[in-house]
Structure formats: structure tokens, C-alpha cells
Amino acid sequence: MELLAGVHPLLPDFFGVSLLLLAAALGWWLTHRFLAEALCRYARRSAATWDDALVQFGVVSRLAQLAPAFIIYLGIDFLPGLGAAWKTGIANLTSAYMILVLTITATSLLSAGNFLYASHPKFKQRPIKGLVQLLQLLVLILGFLLFVAALLDRSPAVLLGGFGAISAVLLLVFRDTILSLVASVQLSAHDMVAVGDWIEVPQFGADGDVVDVELHTVKVQNWDKTITTIPTHRLMSDSFKNWRGMSKSGGRQIKRAIHLDISSIGFLSEVDVERFKSWVLLEQYIGEKQQSLKAYNRGLLEQYQGQATANVNLRRLTNIGTFRAYAFQYLKHHPRIHEGMTLLVRQRPPGPEGLPIELYCFTNTTDWNEYEDIQSDIFDHLLAVVPEFGLRLYQLPAGSDLVSITGRSAEAQRNRQIPLE
């Protein structure tokens with residue numbers, strides 16, 4: 001060093017700094033070439049998944065970046081020619097850089113932990129991504145404070161004292177974050193929403209599968225493949241529908257009505273009764289109903305000593321009741337209707353659109369395509385069989401119906417006119 005100083009006074013310092021930078025570059029190359037790549041090769045060969053996650057999220061490669069900064073931080077004291085100010089400044093820069101690398105590495109480590117948690121089948125339905133994002137935010141804030149403290153060569157406690165003075169402002173800035181944190185914890189604790197659930201949120205026009213649950217937002221892919229982003233805290237303040245229960249139950253509800261023309265409702269004749277007795281699905285119903293009606297009518301005649309012989313006084317089979325019984329038996333014997341769930345064929349209050357006969361049952365599959373096919377096949381058959389009972393389907397008159405009525409009225413009016421002689 002003395003020989004170099006004789007050539008030029010700054011040459012020893014230049015030589016020392018060059019050696020230190022060369023050592024830092026060598027340390028970076030060794031850690032990347034041997035340590036990081038060796039760990040990556042080991043992770044690819046091992047059967048465990050945690051090491052793959054560390055490599056995937058760059059935890060190993062980021063830790064390797066500490067080597068050159070650490071070498072410079074330790075080696076700066078071996079350069080006696082540098083002044084104290086230079087040594088302090090370089091030490092502060094390397095310290096700040098190492099804090100920055102450690103902060104980013106910690107956030108990557110949290111991301112890797114969330115990936116491992118979400119990939120486990122036991123915890124798939126209880127996402128913690130929102131909580132992990134909050135922890136990452138806290139790590140970044142803490143890292144930023146330490147980074148600034150290292151650059152300024154000040155104690156972090158001094159910065160934290162000033163940080164407390166602006167806490168009210170930060171509460172306003174992170175208001176949505178705090179609300180989302182509370183909502184995220186509640187959603188996870190009560191298992192209300194998970195990735196893969198089918199949810200409906202009418203307030204946001206969302207109807208589809210949940211594809212991501214984050215700290216601030218929940219992303220829903222609608223059935224038209226559009227994406228709706230919902231603030232997490234709104235799922236706690238507003239109502240929404242989750243179809244997970246239907247998917248797990250193994251059955252999906254059919255609740256649809258057939259509207260019948262009320263004027264077509266009437267009693268069955270003896271010929272109709274005998275015809276329906278030959279139907280397999282109605283044979284037992286007709287037999288039991290005939291016995292019940294005969295017993296009632298016999299008791300009525302005995303009570304009034306044969307005076308209640310008018311048909312209006314007697315109970316008789318109706319076409320609407322027989323149709324309900326047929327629809328119930330048809331659903332009961334249908335191979336794609338769930339046997340262990342509610343099965344009803346009920347009459348709803350009549351209205352301007354006729355008399356609704358509602359079918360309430362469940363298919364034994366939750367697949368959407370199969371469900372729609374089963375529902376359509378059932379109503380195809382029942383709509384086609386309605387005329388067999390002497391009933392008419394009700395529908396609002398269309399334009400062609402009005403034209404037909406007008407034409408018939410005009411023709412009848414012409415036929416009533418008396419021709420002039």
C-alpha cells in the first residue's frame with residue numbers, strides 16, 4: 001500500500017475499493033451459482049412441496065442478494081484510507097439495502113406460506129389470503145421505517161414517535177383496509193365464501209364462481225365470463241346468496257308452475273274414470289279415491305235419508321285433482337328426481353294467468369346441463385299430457401288470437417245483417 005501511495009495518494013483507496021467490490025461480486029456469483037441453484041435443483045428433485053414454493057416465490061434468490069451487501073458492510077472497516085464520513089455513509093447504504101432485501105423476502109415468504117395453505121385440501125375452503133396481505137402490508141410499513149432509519153442513521157424509535165402523531169391520518173387512509181381486514185376474518189371464520197363457490201350478489205350484478213378472495217376485494221367470474229370485483233367488507237354489510245349448500249347436497253331444486261285455464265276444470269265422467277284406471281301411474285290413486293268417495297257419499301245419503309241424490313251434493317273425481325296426482329306419481333317414479341328430498345305438486349292461488357299447478361322437487365344431480373335437461377324433459381311431458389285430462393293450458397292472447405277473434409266477430413256481424421230486397 002505504501003508503494004501505491006508513492007505513485008498516487010488516492011491509488012491505495014482505489015485499489016482497496018476495487019478489491020472490496022470484486023469480493024462482493026464474487027460473493028454474489030458464488031451464492032447464486034452454487035447455493036441458490038443447488039437449492040433449486042434439490043427442490044425440483046424432492047417430493048416435498050414447501051421447498052418448491054420457496055423457489056417459486058423467489059425466497060432463495062432474494063436471500064442470495066444479501067451476500068454482496070454483507071461483504072461490503074464488513075469489509076468497509078478494512079479500508080483505513082477512507083474517511084469516517086464515507087465509511088458511515090456506505091455502511092448506512094448497505095444496511096438499508098439489506099433491510100430492503102429482507103423486507104421483500106419476508107413478503108415472498110408469506111406468499112409462499114399462503115400458497116401452501118391454499119393448496120392443502122383441508123384448508124381450501126378457509127382462505128387466509130386477506131390476512132396474509134395484511135401481514136405483508138405491516139411488514140412493508142415496518143421495513144420502510146427501518147429503511148429510512150438506516151439511511152438517516154437514526155433510531156427507529158424516533159421515527160415511531162413521529163409515526164404516532166399521524167396515526168389519525170393513517171386511519172383515514174387505511175379505512176377500507178381495516179374494514180376489509182375485519183370482513184376477511186369474519187368470512188374466513190364463518191366459512192361464508194371460498195374460492196370455487198357459486199355466489200349471487202345482486203347489488204353488484206355478480207352471479208358466478210368466486211375465483212379469488214383477497215384482503216380488499218373478492219373476484220367473481222360471471223357466467224358470461226366477465227369479472228366482477230366486490231369490496232370484501234360489502235359481503236358483510238350486504239346480503240348475498242351462496243350456492244355451496246346446493247352443490248354439496250347432491251340435489252338441485254325445481255320450482256316451476258304450469259298455468260291451467262280455470263274454465264276447463266270439471267268433474268270426470270265414468271268413461272274418463274275407467275280410462276284413467278288403465279294408466280299405470282293412476283291405477284292405485286283412482287282405486288283408493290273411488291273407495292273413499294263411495295264411503296263418503298254413502299254416509300251422506302244415509303244421513304239425509306236418500307234426499308241428497310243430486311250430483312252437486314256428492315263428491316266426485318275432478319280432472320284437476322287427477323292431473324295433480326298423475327304429476328306427483330310421474331315425478332315420484334322419475335329416475336332423475338332425488339328420493340330423499342321434498343317432493344310436492346301443489347295448487348297455488350288462482351290469478352289473472354289462470355290456476356298455477358306448481359312442481360316442487362329436486363334433481364339427483366347438480367350439474368347445470370343435466371339439471372336443465374331433466375327439468376325440460378319433465379315439463380315437455382306434462383305440458384303434452386294436459387289435454388288428456390280435458391284441461392287447457394293458459395296463456396295470454398297473442399296478436400294472432402286477437403286478429404282471429406276480430407275476424408270471427410266481423411263475420412258473425414255480417415251474418416246477422418238482414419239483406420235488403
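We use all heavy atoms of the structure for the numbers below, so side chains are in, but hydrogens, waters and symmetry mates are not. Throughout, residue positions are numbered sequentially from 1 according to the sequence presented.
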Point-to-point distance, once rounded to the nearest 0.5 Å, from OH of Tyr394 to CG of Asp261 = 7.5 Å
request  = Please name the pair of heavy atoms, one in Leu235 and one in Phe240, separated by the smallest distance, quoted to 0.1 Å.
outcome  = O-CE2, 3.4 Å
query = Where the side chain of Asn297 meets the backbone of Leu293, is there a donor-acceptor pair that is under 3.5 Å apart?
reply = yes
ask   = Step by step, would you call Phe323 with Glu388 a side chain to side chain contact (heavy atoms under 4.5 Å, CB included)?
value = CA-CA 9 Å; Phe323 173 72; Glu388 296 289 335; over 6 Å; no
task = Could you tell me whether the side chains of Asp272 and Ser269 share a donor-acceptor contact shorter than 3.5 Å?
result = yes
request  = Hey, could you give me the CG/CG distance between Leu135 and Leu109, rounded to the nearest 0.5 Å?
outcome  = 11.5 Å
task = Answer whether the closest heavy-atom distance between the side chains of Ile227 and Val220 falls below 4.5 Å.
result = no
task = Output the distance between atom CG (Asp373) and atom CD1 (Ile378), rounded to the nearest 0.5 Å.
result = 11.0 Å
query = Between Tyr326 and Val385, does a side chain to side chain contact (heavy atoms under 4.5 Å, CB included) hold up when you go through it step by step?
reply = CA-CA 10 Å; Tyr326 175 82; Val385 83; 3.9 Å; yes
ask   = Stepwise, does the side chain to side chain donor-acceptor pair (under 3.5 Å) test hold for Trp368 with Glu372?
value = CA-CA 6 Å; Trp368 197 354; Glu372 293 294 347; 3.2 Å; yes
Taking every non-hydrogen atom, the tightest pair across Pro350 and Ile262 = CB-CD1, 3.7 Å
Where at least one partner belongs to residues 136-152, residue pairs that pass side-chain hydrogen bond (donor to acceptor under 3.5 Å, both in side chains), sequence neighbours excluded = Ser111-Gln136
request  = Answer yes or no: is there a side-chain heavy-atom contact under 4.5 Å between Leu393 and Leu260?
outcome  = yes
Closest contact, heavy atoms only, Phe379 versus Ile254 = CE1-CG2, 4.1 Å
ask   = So do the side chains of Thr228 and Lys219 get within less than 4.5 Å of each other, counting heavy atoms only?
value = no
query = Looking at Phe204, is Arg234 sitting on its ring face, NZ or CZ under 6.0 Å from the six-membered ring centre and within 45 degrees of the normal?
reply = no
request  = Taking Asn222 for its side chain and Lys225 for its backbone only, find out whether a donor-acceptor pair lies under 3.5 Å.
outcome  = no
query = Hey, what do you get for NZ (Lys255) to CD (Gln375), rounding to the nearest 0.5 Å?
reply = 13.0 Å
ask   = Roughly how far, to the nearest 0.5 Å, is the NE2 atom of His259 from the CG atom of Leu383?
value = 11.0 Å
message = Main chain of Glu214, side chain of Thr217: is a donor-acceptor contact present, judged purely on distance under 3.5 Å?
response = no
message = Quick one, Gln290 and Lys277 - any side-chain contact, counting heavy atoms below 4.5 Å?
response = yes
query = Which heavy atom in Ala150 sits nearest to a heavy atom in Ile99, and how many Å separate them?
reply = CB-CD1, 3.8 Å
Return a table of donor-acceptor pairs under 3.5 angstrom between the side chains of residues 352-364 and protein atoms on other chains or two or more places apart.
from, atom 1, to, atom 2, distance (Å)
Glu358, OE1, Arg346, NE, 2.6
Glu358, OE1, Arg346, NH2, 2.5
Tyr360, OH, Gln253, NE2, 2.9
Thr363, OG1, Arg252, O, 3.4
Thr363, OG1, Thr365, O, 2.8
Asn364, OD1, Arg336, NE, 3.1
Asn364, ND2, Pro335, O, 3.0

ask   = Between atom CD1 of Ile230 and atom CG of Asp238, what is the distance when rounded to the nearest 0.5 Å?
value = 9.5 Å
query = Would you say His333's side chain and Gln329's backbone share a donor-acceptor pair under 3.5 angstrom?
reply = yes
note = In terms of heavy-atom contacts, Val139 and Ala106 come closest through CG1-CB, 3.9 Å
ask   = Would you call the rings of Phe276 and Trp279 parallel, tilted or perpendicular if under 30° counts as parallel and over 60° as perpendicular?
value = perpendicular
query = With side chains defined as the heavy atoms from C-beta onward, is the minimum distance between Tyr371 and Thr366 less than 4.5 Å?
reply = no
request  = Indicate the atoms forming the closest heavy-atom contact of Thr318 with Gly321, along with that distance.
outcome  = OG1-N, 3.1 Å
ask   = Should Ile320 and Phe389 count as side-chain neighbours, where that means a heavy-atom distance under 4.5 Å?
value = no
task = Show the numbers, then the answer: is there a side chain to side chain donor-acceptor pair (under 3.5 Å) between Ser263 and Arg392?
result = CA-CA 8 Å; Ser263 63; Arg392 291 190 303 271; 2.7 Å; yes
request  = Hey, could you give me each pair passing side-chain hydrogen bond (donor to acceptor under 3.5 Å, both in side chains) that has a residue in residues 201-212? Not counting sequence neighbours.
outcome  = Lys129-Asp212, Trp198-Asp207, Asp207-Trp223
key: Side-chain heavy-atom pair Phe115, Leu110 within 4.5 angstrom cut-off   = no
inquiry  = I'd like to check Lys294 versus Lys289 (side-chain heavy atoms, cut-off strictly below 4.5 Å). Are they in contact?
reply    = no
query = Would a distance-only check, ignoring hydrogens and angles, find a side-chain to backbone donor-acceptor pair under 3.5 Å from Asp197 to Val210?
reply = no
